[in-house]
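Values below: all heavy atoms of this structure, side chains included; hydrogens, waters and symmetry mates excluded. To find a chain, count down the sequence lines: A is the first, B the second, and so on, and within it residues start at 1. Nothing here was measured: the structure is a model prediction, and the numbers come from that model.
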Number of protein chains: 4
Amino acid sequence: MARTTVRARRDADRAGADAGAAERRKQILTEAGRLFAKQGFEGTSMREIAAATGLLSGSLYYHFASKEELFVAVYEANIRAVGEAVEGAIEGIDDPWECFEAAAIAHCEALLTGEKTSILDAKFPPVLAQVRSQLIRARDEHERLFDRLIAPLDLAADIDRVLFRLHVLGALNSAILWYKPSSRLTPADVARHVIKVLRYARQGAATAEVR
Amino acid sequence: MARTTVRARRDADRAGADAGAAERRKQILTEAGRLFAKQGFEGTSMREIAAATGLLSGSLYYHFASKEELFVAVYEANIRAVGEAVEGAIEGIDDPWECFEAAAIAHCEALLTGEKTSILDAKFPPVLAQVRSQLIRARDEHERLFDRLIAPLDLAADIDRVLFRLHVLGALNSAILWYKPSSRLTPADVARHVIKVLRYARQGAATAEVR
Amino acid sequence: MARTTVRARRDADRAGADAGAAERRKQILTEAGRLFAKQGFEGTSMREIAAATGLLSGSLYYHFASKEELFVAVYEANIRAVGEAVEGAIEGIDDPWECFEAAAIAHCEALLTGEKTSILDAKFPPVLAQVRSQLIRARDEHERLFDRLIAPLDLAADIDRVLFRLHVLGALNSAILWYKPSSRLTPADVARHVIKVLRYARQGAATAEVR
Amino acid sequence: MARTTVRARRDADRAGADAGAAERRKQILTEAGRLFAKQGFEGTSMREIAAATGLLSGSLYYHFASKEELFVAVYEANIRAVGEAVEGAIEGIDDPWECFEAAAIAHCEALLTGEKTSILDAKFPPVLAQVRSQLIRARDEHERLFDRLIAPLDLAADIDRVLFRLHVLGALNSAILWYKPSSRLTPADVARHVIKVLRYARQGAATAEVR
DNA sequence: GATGAATGAGGATTCATTCAT
DNA sequence: TATGAATGAATCCTCATTCAT
């Protein structure tokens with residue numbers, strides 16, 4: 001609605017602008033990520049992204065061949081960022097459950113803090129059909145990281161570890177749908193509660209009468 | 001925005017008479033639901049919906065004042081359908097956990113069977129901002145149903161029942177993102193596994209060392 | 001924007017409704033006149049007119065074959081109304097200038113009071129090309145009435161009576177463009193001032209140096 | 001609504017450079033002016049305007065953010081053109097009435113010659129409600145020019161100069177409704193006759209018996 | 001590397017009109 | 001007389017993309 005003049009953006013950016021192409025790419029990725037997260041893929045126009053980066057829409061095509069390609073790049077960057085956050089968080093932790101919890105917290109924080117990654121859970125619109133496989137590959141990689149964390153957990157024998165991984169990530173990711181930063185709950189609180197619930201399902205736990 | 005559509009007019013004018021229009025409305029709702037589920041709100045054009053119903057695009061507007069209004073109607077119908085399925089499934093079951101599981105199964109089946117309700121988890125695109133409140137109201141109602149089922153569960157004392165509800169629904173709904181009907185897993189299997197994991201978190205369960 | 005439900009109108013009208021066809025025609029003419037005056041020909045939809053009369057749009061076509069025909073009927077009725085007002089106002093007045101002034105006042109009042117006749121001065125949109133001749137014929141008749149009033153005026157010899165008539169009516173009609181009922185000026189004041197100015201242009205008036 | 005168009009951008013960015021776009025803007029303005037004059041605002045489609053300029057309809061939006069904005073631009077250009085014509089015509093004339101007449105002639109010629117300015121008198125359709133204030137501001141400016149010409153006239157004491165201005169412009173502008181270039185009357189003739197009539201209303205003129 | 005200008009298909013929506021009932 | 005349902009063309013506008021400069 002209240003769009004921003006290119007000129008306005010330009011005047012503001014001119015400082016650090018004129019950076020190399022790699023720099024520009026990063027700028028575009030940042031702004032596109034922010035906009036995709038807030039407005040979705042279809043709700044964000046190339047012109048908007050261009051304007052936010054201090055460019056005109058045509059110039060985007062020097063850096064990315066299409067809107068889809070740009071989205072994939074954003075998505076991969078986001079997943080990678082979450083992955084790195086998680087790996088950083090678990091470094092040096094030995095206890096499997098502690099490690100698992102630390103990972104969940106890092107994942108949740110990366111997801112809910114900053115505008116960038118809410119795309120994670122997207123049921124990609126059909127416009128993205130052509131690049132779906134790339135997106136899924138990126139997501140899978142992240143999920144395998146969780147598989148590695150789940151493997152050493154002393155889960156009750158009747159628990160399927162794949163379904164368990166889907167369960168955790170589903171519970172964590174869904175926070176995007178309801179979490180409000182204004183709440184007195186931190187993203188870490190949310191993650192901790194999810195893990196707290198799951199932690200009951202350890203081997204030897206008493207669930208006698210479960211059918 | 002506040003226009004008048006057939007529903008308004010007819011409900012008032014003629015009680016139940018003239019099945020014709022109501023029939024059409026239902027047809028449109030069905031087709032729109034299918035298409036929205038498959039392609040998302042923005043990915044589905046009014047022309048497509050019209051064509052699927054055997055109409056021309058203009059004719060849709062006799063029944064629904066706007067694409068948004070149509071979406072709200074579809075969404076409400078879908079939530080209602082899931083709600084009814086759940087209520088039907090728990091009828092006559094006394095044991096709280098049995099009841100909870102039955103509800104989860106019904107919820108999951110309604111979600112994953114048929115194309116109609118995958119919209120449930122939508123992070124609504126900003127185009128729908130104007131009607132967001134209606135959508136959220138519908139969703140809330142469904143979630144309160146789960147609150148009623150969670151209340152009597154003998155959960156461990158350190159579990160927050162609101163976060164628990166968000167956890168369950170998050171885990172269940174996320175199946176939409178990965179579930180494939182072709183799999184050897186039934187929707188019920190998925191739901192059952194989620195509940196199986198959660199069931200460990202009952203009162204008196206041994207989780208001694210959890211910090 | 002804020003449209004009115006058919007039902008609402010209906011409930012209200014039901015009292016005097018069910019009148020004969022002639023009655024209905026008159027109702028339609030009234031409402032259409034009001035709407036055309038306020039919103040113009042193109043800015044008024046048949047549905048709007050129908051709703052204002054307590055009908056559905058299709059029903060209008062029983063009374064008028066097309067939107068254009070309806071407009072012509074409204075226009076003619078309006079012109080006739082102004083004409084009758086003028087004729088009523090000059091009845092019994094002998095002095096030519098008194099008579100002329102009375103006519104101007106009546107014309108102006110009919111024009112500025114009530115919503116109905118602001119159409120008078122319309123530069124008809126090309127949509128109305130087919131019926132233009134009918135509209136112009138109606139207008140001409142009204143203008144000939146003014147010709148009859150101008151004929152006996154003792155105007156200065158160098159004044160062309162046809163151009164004079166166009167001048168008066170132009171000055172009077174243009175009030176529609178700026179007149180606001182809220183002003184302390186009455187429509188009669190406006191008309192009186194126009195005539196006051198023109199009255200100077202009588203025979204024998206001293207305008208020596210006019211080239 | 002508050003979007004950015006080329007004008008804004010360019011005025012700022014590059015002073016007078018790059019005649020291309022400015023050229024196009026002028027072309028569009030010309031064609032749009034012609035079409036609006038002939039067919040009215042609602043009767044003219046953006047496609048038509050585009051086609052007349054040798055563009056596709058989408059391309060128009062690079063230069064003007066909306067049909068309304070385009071109309072405002074046309075309107076302002078037209079008013080400005082008439083204003084300039086009038087100012088040119090009165091240059092160097094000392095006698096107030098001569099000056100007034102010269103202005104009237106120029107105004108009338110600008111109005112009736114060329115297709116461009118017949119919009120002047122428009123009772124703007126409600127579609128233009130949002131921009132009405134801009135249109136009125138433009139018109140007011142032109143009318144103030146006439147106020148300056150009327151001020152020094154030696155009008156009879158009982159004449160209100162504001163109503164007098166409205167009277168003149170009403171009489172002049174209304175010519176649009178009936179004037180046909182084919183007639184043996186020139187636009188100047190029309191203007192001259194209007195002024196001739198008004199010139200009688202000078203101070204000291206004999207209007208003794210007026211009530 | 002970036003721009004300005006244009007493309008052209010596609011979007012939702014409106015509307016006068018028709019016609020069987 | 002009136003209705004309900006549908007028509008289909010037309011409307012304004014958006015947008016990813018292209019390409020000469």
Could you tell me the separation between the [atom1] atom of [X] and the [atom2] atom of [Y], rounded to the nearest 0.5 Å?
{"X": "A:L29", "Y": "A:H63", "atom1": "CG", "atom2": "NE2", "result": "11.5 Å"}
{"X": "B:L128", "Y": "B:F71", "atom1": "CG", "atom2": "CZ", "result": "5.5 Å"}
{"X": "D:R47", "Y": "D:L56", "atom1": "CZ", "atom2": "CG", "result": "10.0 Å"}
{"X": "D:I49", "Y": "D:L70", "atom1": "CD1", "atom2": "CG", "result": "5.0 Å"}

For a quick check of understanding: with a heavy-atom distance under 4.0 Å over all strands, which category does [X] fall into, base, sugar-phosphate or nothing?
{"X": "D:T44", "answer": "sugar-phosphate"}
{"X": "B:S57", "answer": "base"}
{"X": "D:E68", "answer": "sugar-phosphate"}
{"X": "D:L60", "answer": "nothing"}
{"X": "D:S59", "answer": "base"}

Nearest-nucleotide pick for [X], side chain only, options being [options]:
{"X": "B:M46", "options": "F:dC13, F:dA2, E:dT13", "value": "E:dT13"}
{"X": "D:L55", "options": "F:dA10, E:dT7, F:dT17", "value": "E:dT7"}
{"X": "C:R47", "options": "E:dA2, E:dA6, F:dA6", "value": "F:dA6"}
{"X": "A:Y61", "options": "F:dA5, E:dA12, F:dT18", "value": "F:dT18"}

Could you give the [atom1]-to-[atom2] distance, from [X] to [N], as a whole number of Å?
{"X": "C:E48", "N": "E:dT14", "atom1": "CD", "atom2": "C1'", "answer": "12 Å"}
{"X": "B:I28", "N": "F:dA6", "atom1": "CD1", "atom2": "C1'", "answer": "11 Å"}
{"X": "D:F41", "N": "F:dC12", "atom1": "CZ", "atom2": "C1'", "answer": "10 Å"}
{"X": "C:L128", "N": "E:dA16", "atom1": "CG", "atom2": "P", "answer": "12 Å"}
{"X": "B:R25", "N": "F:dG4", "atom1": "CZ", "atom2": "C1'", "answer": "15 Å"}
{"X": "C:Y62", "N": "F:dT1", "atom1": "OH", "atom2": "P", "answer": "5 Å"}
{"X": "C:K67", "N": "E:dC15", "atom1": "NZ", "atom2": "P", "answer": "8 Å"}
{"X": "A:E69", "N": "F:dA16", "atom1": "CD", "atom2": "P", "answer": "15 Å"}

By nearest heavy atom, map D:G54 and B:E42 onto DNA chain E; which one lands nearer the 5' end?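 Closer to the 5' end of DNA chain E: D:G54.
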
Does the side chain of D:E68 come within less than 4.5 Å of D:V127's, by heavy atoms? yes

Do A:K67 and A:F41 have side chains that approach each other closer than 4.5 Å (heavy atoms only, starting at C-beta)?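 Touching, per the 4.5 Å side-chain cut-off.
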
Take C:Y75 and C:Q134 through the side-chain contact (heavy atoms from CB on, under 4.5 Å) test and state the conclusion after the steps. CA-CA 10 Å; C:Y75 190 84; C:Q134 294 174 66; over 6 Å; no

With nearest nucleotides of DNA chain F determined for C:A22 and D:G43 from heavy-atom distances, which residue corresponds to the more 5′ nucleotide?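 Upstream on the strand: C:A22.
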
Nearest nucleotide by nearest heavy atom, which residue falls closer to the 5' end of DNA chain F, B:L56 or C:G58?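 Per heavy-atom nearest nucleotide, the more 5' residue is C:G58.
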
Answer yes or no: does a side-chain N or O of A:H63 lie under 4.0 Å from OP1 or OP2 of E:dA2?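 Yes, such a contact exists.
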
Please check if the side chain of D:E48 supplies one atom and the backbone of D:S45 the other of a donor-acceptor pair under 3.5 Å.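 Side chain of D:E48 to backbone of D:S45: a pair is present.
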
Where DNA chain F forms stems, i.e. three or more consecutive Watson-Crick or G-U pairs with both distances under 3.5 Å: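 E:2-21 with F:2-21 - these are the stems of 3 or more pairs that involve DNA chain F.
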
